[in-house]
Amino acid sequence: QVQLAESGGGLVQAGGSLRLSCAASGLTFRSYAMGWFRQAPGKEREFVATITGSGGTTYYADSVKGRFTISRDNAKNTAYLQMNSLNAEDTAVYYCAADWVPAGRHWSYSRGGEYDYWGQGTQVTVSS
């Protein structure tokens, strides 16, 4: 059974940094793209960043580009989201997700419905 477990959330002051981790089990990790999404209170879930199985390609939402960095360690079955220069608008529950993308298929990487498995989420709160 596939499990994705996020960790690393917490309370941080504006301008600070956090590093989220997503530990995966029950799947061939390197075969899956890994994404991060977030959902703030009263708002819809939104795409944050994603990384291909090899780690060779990454995509970011415009709102986090230049501040957040997604990475992965396939030997540890873990994906990461380094978040710098945090602001109040980054406050949300952050979810990691895994997506198996067959070769040749068009990949709507920012669409949550594309992803096959989801974690439970970790809260990030940025105080201003």
Side-chain angles (χ1 to χ4, degrees):
Q1 138 201 14
V2 175
Q3 289 189 328
L4 303 178
E6 303 95 336
S7 61
L11 175 64
V12 63
Q13 288 188 333
S17 299
L18 282 175
R19 188 196 197 201
L20 305 183
S21 298
C22 174
S25 60
L27 76 171
T28 305
F29 185 70
R30 65 181 180 276
S31 297
Y32 283 77
M34 296 298 296
W36 288 94
F37 290 76
R38 67 186 181 186
Q39 187 166 20
K43 295 187 177 181
E44 293 187 353
R45 182 180 60 193
E46 65 173 354
F47 168 75
V48 175
T50 196
I51 186 168
T52 54
S54 66
T57 302
T58 57
Y59 299 98
Y60 295 91
D62 287 344
S63 59
V64 307
K65 205 171 292 184
R67 300 189 298 123
F68 290 11
T69 302
I70 190 171
S71 62
R72 64 191 295 156
D73 185 337
N74 285 349
K76 295 182 178 180
N77 285 6
T78 302
Y80 304 96
L81 185 68
Q82 177 67 44
M83 306 186 295
N84 299 329
S85 302
L86 286 161
N87 57 60
E89 287 68 40
D90 296 317
T91 294
V93 177
Y94 283 71
Y95 300 90
C96 70
D99 186 19
W100 183 68
V101 186
R105 191 192 82 181
H106 173 70
W107 187 31
S108 297
Y109 57 82
S110 65
R111 192 171 71 88
E114 283 274 344
Y115 291 75
D116 303 303
Y117 304 103
W118 292 82
Q120 300 275 12
T122 186
Q123 176 71 46
V124 171
T125 303
V126 184
S127 63
S128 55

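Values below: every heavy atom of this structure, side chains too, minus hydrogens, waters and symmetry copies.
- Counting only residues at least two apart or on different chains, the side chain to side chain donor-acceptor pair (under 3.5 Å) pairs with a member in residues 95-107 are Asp99-Trp107, Arg105-Glu114.
- Considering only heavy atoms from C-beta on, Met83 stays 4.5 Å or farther from Val12 through its side chain.
- Grouping the Ile, Leu, Val, Met, Phe, Trp and Tyr side chains by contacts below 4.5 angstrom, directly or via other members, places Val93 apart from Tyr80.
- Among all heavy-atom pairs drawn from Cys22 and Met34, the shortest one is SG-CE, 3.8 Å.
- The line from CG of Leu4 to CG of Asn77 is 10.5 Å long, rounded to the nearest 0.5 Å.
- By the rule that hydrophobic residues join a cluster once side-chain heavy atoms approach within less than 4.5 Å of another member, Val101 and Val2 end up as members of separate clusters.
- Under a hydrophobic-cluster definition in which Ile, Leu, Val, Met, Phe, Trp and Tyr are linked whenever side-chain heavy atoms come within less than 4.5 Å, directly or via other members, Trp118 and Phe29 are assigned to different clusters.
- Heavy atoms only, all atoms of each residue included: Ala92 and Ala40 are closest at CB-N, 3.8 Å.
- Among residues at least two apart or in separate chains, side chain to side chain donor-acceptor pair (under 3.5 Å) pairs with a member in residues 42-55 are Arg38-Glu46, Thr50-Tyr115.
- Atom CZ of Phe47 and atom OH of Tyr109 lie 6.0 Å apart (nearest 0.5 Å).
- Atom OG of residue Ser127 and atom CG of residue Leu86 lie 10.5 Å apart, to the nearest 0.5 angstrom.
- Both Tyr117 and Leu20 are assigned to one and the same hydrophobic cluster, defined by single-linkage of ILVMFWY side chains at heavy-atom distances under 4.5 Å.
- Within 6.0 Å of the CD atom in Gln120, the count of heavy atoms belonging to other residues, nucleotides or ligands does not exceed 12.
- Placement of Val64 and Ile70 within a single hydrophobic cluster is found when ILVMFWY residues are connected by side-chain heavy-atom separations under 4.5 Å, directly or transitively.
- Pairs of residues two or more places apart, or lying in two chains, that qualify as side chain to side chain donor-acceptor pair (under 3.5 Å) and include a residue from residues 7-34 are Ser17-Asn84.
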* Step-by-step side-chain contact (heavy atoms from CB on, under 4.5 Å) determination, Thr91 to Gln123 -> CA-CA 8 Å; Thr91 294; Gln123 176 71 46; 4.1 Å; yes
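- The nearest pair of heavy atoms linking Phe37 to Ser110 is CE2-O, 3.6 Å.
- With rounding to the nearest 0.5 angstrom, the CZ atom of Arg67 is 7.0 Å from the OG atom of Ser85.
- Rounding to the nearest 0.5 angstrom, the gap separating the CD1 atom in Ile51 from the OH atom in Tyr60 is 7.0 Å.
- From Thr122, atom OG1 reaches atom CG of Leu18 across 8.5 Å, with rounding to the nearest 0.5 Å.
- Contact annotation: the side chain of Leu27 never approaches that of Asp116 to less than 4.5 Å [non-hydrogen atoms, C-beta and beyond].
- Checked by atom type and distance alone, the side chain of Gln82 never pairs as donor or acceptor with a backbone atom of Thr69 at under 3.5 Å.
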